[in-house]
Amino acid sequence: MSVYPIIMTQSKFIHQDHLSYPFEERGLQFGDGIYEVIRIYNGKYYLFEEHIDRLFRSAAAIKINLPFSKDDLSNLLLQLLDKNKMKTDGKVYMQVTRGSAPRDHVFPIDVLPNIYAYIEDLPRKLENLENGVNAITERDIRWENCYIKSLNLLPNVLAKQTAKENGCYEAILHKDGLVTECSSSNVYLVKNEEIYTHPATNHILHGCVRMAIERFAHELNIPFHEDGFTVEDISLADELFLSSSTSEIMPIVKVDNTQISTGKPGKVTKQLQAAYEKDAHINVNKATQTI
């Protein structure tokens, strides 16, 4: 993936080669910060307001006072697209930390947050979307406030790496057998054409695509239950899928070497994928017509 040259930092735009921070930066030393990843299709943001709202919720949760309004930040991110002449599919990574200050666990006084955002190309994962992916299950060892999109992602990284080492796309996390979410996505079970997923508590990230899926389900008259399921339930599922801004709505066809139902993406998953493409104004070509 290629990074576009113009970076937003604070309220300015500079070339990526000129972006630097002091070594005493709280995001680097404490993970004292938050982030967002926003999907771009054909040069336009998708679920833009939802991501901006979540960034502000995360900031408030860890007591970072953002130095701009939601409208100000939205305008800056729109300028970032324009200055990079972004017209294809990609993503924006945006990070906010408490700022740069001598290392001390206590919050620094009168220090402005550090913020930057950059754009990367990100083609759609068409083969995976059409055929599905494999996953493993892993114990959820993360902290109790997963609803905050913080920089403290080491347990997620370790789970994702374990999945990769086992030839899988994702790791499905569970607490004492109750499935929470995946290492970098939300996860859903379908039984009798009804959707089940963990409630939007502090134990999961309240995904922006997750919120869209609930909306799609309502529009399609598909029951959507915020009712958790277990690792044992997975083998009995009719369908299983995950969602995130970079993975969209991704079918899961095998978990821990156990095939899910027919081993192919199911009816409900395909309906949701079609709803997603329509909502995101994705131009569906021959490569995606089977989805």
Side-chain angles (χ1 to χ4, degrees), residues 31 33-37 39 51 54 57-58 61-62 125 128-129 132-191 194-214 224-261 265-266 268-269 272:
I34 56 174
Y35 75 102
E36 277 293 332
V37 177
R39 195 56 157 107
H51 283 283
R54 188 171 64 183
R57 287 198 302 272
S58 293
I62 66 169
K125 302 177 175 73
N128 289 341
L129 289 168
V133 298
N134 298 344
I136 60 169
T137 56
E138 284 283 296
R139 190 164 64 91
D140 191 344
I141 60 172
R142 301 170 302 164
W143 71 327
E144 294 294 317
N145 292 309
C146 296
Y147 77 98
I148 302 170
K149 201 167 177 68
S150 80
L151 301 180
N152 298 278
L153 294 174
L154 186 55
N156 307 63
V157 169
L158 292 171
K160 194 80 163 187
Q161 179 62 25
T162 301
K164 180 178 175 60
E165 290 170 358
N166 283 272
C168 292
Y169 185 86
E170 254 290 22
I172 298 173
L173 307 179
H174 65 91
K175 288 182 179 290
D176 298 321
L178 181 65
V179 172
T180 49
E181 57 184 339
C182 297
S183 68
S184 62
S185 53
N186 295 124
V187 65
Y188 315 76
L189 180 147
V190 179
K191 189 69 177 178
E194 299 188 16
I195 301 168
Y196 297 85
T197 192
H198 194 284
T201 66
N202 59 302
H203 292 299
I204 71 165
L205 180 68
H206 304 176
C208 294
V209 177
R210 182 187 188 277
M211 291 186 283
I213 288 172
E214 185 173 7
F224 184 96
H225 305 286
E226 286 193 294
D227 189 5
F229 58 93
T230 67
V231 172
E232 288 73 19
D233 292 330
I234 290 174
S235 63
L236 303 175
D238 297 330
E239 305 175 42
L240 203 68
F241 65 91
L242 60 84
S243 73
S244 73
S245 293
T246 55
S247 294
E248 300 183 12
I249 298 172
M250 184 73 71
I252 302 173
V253 296
K254 185 181 289 186
V255 178
D256 292 336
N257 294 316
T258 298
Q259 179 177 290
I260 305 301
S261 188
V268 170
T269 304
L272 294 171

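These values consider heavy atoms only, across backbone and side chains, with no hydrogens, waters or symmetry-generated copies.
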Checklist entry - What is the ring orientation for F241 with Y188, classed by angle as parallel under 30°, tilted 30 to 60°, or perpendicular over 60°? => result parallel

Item to check | C168 backbone acceptor or donor facing N134 side chain under 3.5 Å | outcome: no

Checklist outcome for this item: All heavy atoms of V37 vs all of H51, minimum pair found to be O-CE1, 3.0 Å

Checklist entry - Between the side chain of N186 and the main-chain N/O of S243, is any donor-acceptor distance below 3.5 Å? => result no

Checklist outcome for this item: Between the CD1 atom in I34 and the CD1 atom in I148, the distance rounded to the nearest 0.5 Å is 9.0 Å

Checklist outcome for this item: When rounded to the nearest 0.5 Å, the distance separating CG of D238 from CD of E194 is 10.5 Å

Item to check | Euclidean distance, T258 OG1 relative to I260 CD1, rounded to 0.5 Å | outcome: 7.0 Å

Checklist entry - Would you call I195 and E239 a side-chain contact if the rule is heavy atoms closer than 4.5 Å? => result no

Next on the checklist: Checking salt bridge (Lys or Arg N to Asp or Glu O under 4.0 Å) between R210 and each of E248, E226, E181, which is the one that passes?
Outcome noted: E226

Checklist entry - Looking at NZ of K160 and CG of L153, how far apart are the two atoms once the value is rounded to the nearest 0.5 Å? => result 11.5 Å

Next on the checklist: side-chain hydrogen bond (donor to acceptor under 3.5 Å, both in side chains) for S184 and E170? Distances and angles first, verdict last.
Outcome noted: CA-CA 8 Å; S184 62; E170 254 290 22; 3.0 Å; yes

Next on the checklist: As a quick check of understanding, evaluate side-chain contact (heavy atoms from CB on, under 4.5 Å) for H198 and V187, giving each step before the final call.
Outcome noted: CA-CA 8 Å; H198 194 284; V187 65; over 6 Å; no

Checklist entry - Nearest heavy-atom pair of S150 and Y35: which atoms, and what distance? => result O-CE2, 3.2 Å

Next on the checklist: As a quick check of understanding, evaluate side-chain contact (heavy atoms from CB on, under 4.5 Å) for C146 and L205, giving each step before the final call.
Outcome noted: CA-CA 5 Å; C146 296; L205 180 68; 5.7 Å; no

Item to check | D233 versus T230, closest heavy-atom pair with distance | outcome: OD2-N, 2.9 Å

Checklist entry - Can you find a pair of side-chain heavy atoms, one from S245 and one from V209, that are under 4.5 Å apart? => result yes

Next on the checklist: If the threshold is 4.0 Å, N to carboxylate O, is there a salt bridge linking E36 and K149?
Outcome noted: no

Checklist entry - Do the side chain of H206 and the main chain of T201 share a donor and acceptor less than 3.5 angstrom apart? => result yes

Checklist entry - Between N156 and S183, what is the shortest heavy-atom contact and its length? => result ND2-O, 2.9 Å

Checklist entry - Is the number of heavy atoms from other residues, nucleotides or ligands within 6.0 Å of NZ (K254) greater than 12? => result no

Checklist entry - Does some side-chain heavy atom of I213 sit less than 4.5 Å from a side-chain heavy atom of T197? => result no

Checklist entry - If you look at every heavy atom in L242 and S247, which pair is closest and at what distance? => result CD1-CB, 3.7 Å

Item to check | Stepwise side-chain contact (heavy atoms from CB on, under 4.5 Å) check, H203 with D140 | outcome: CA-CA 10 Å; H203 292 299; D140 191 344; 6.0 Å; no

Item to check | Smallest separation among heavy atoms of I141 and P155, with atom names | outcome: CG1-CB, 3.9 Å

Next on the checklist: Could you measure the distance from the OG1 atom of T162 to the CG atom of N166? Nearest 0.5 Å is fine.
Outcome noted: 7.0 Å

Next on the checklist: Could you go through I252 and I172, starting from their C-alpha distance and side-chain angles, then the distance that decides it, and tell me whether this counts as side-chain contact (heavy atoms from CB on, under 4.5 Å)?
Outcome noted: CA-CA 10 Å; I252 302 173; I172 298 173; 4.2 Å; yes

Next on the checklist: What's the separation between atom OG1 in T269 and atom CD1 in I249, rounded to the nearest 0.5 Å?
Outcome noted: 8.5 Å

Next on the checklist: Tell me whether D256 contacts the main-chain N or O of T137 through its side chain, where contact means a donor paired with an acceptor under 3.5 Å.
Outcome noted: yes

Item to check | Under 3.5 Å: donor-acceptor pair, side chain of E138, backbone of A159 | outcome: no

Checklist entry - Do any N or O atoms from the side chain of N128 and from the backbone of V133 form a donor-acceptor pair under 3.5 angstrom? => result no

Checklist entry - Is K164 close enough and on-axis enough to Y169, meaning under 6.0 Å and within 45°, for cation-pi? => result no

Next on the checklist: What I'd like to find out is whether the side chain of M250 reaches to under 4.5 Å of the side chain of L129, using heavy atoms alone.
Outcome noted: yes

Item to check | Whether Q259 side chain and S261 backbone form a donor-acceptor pair below 3.5 Å | outcome: yes

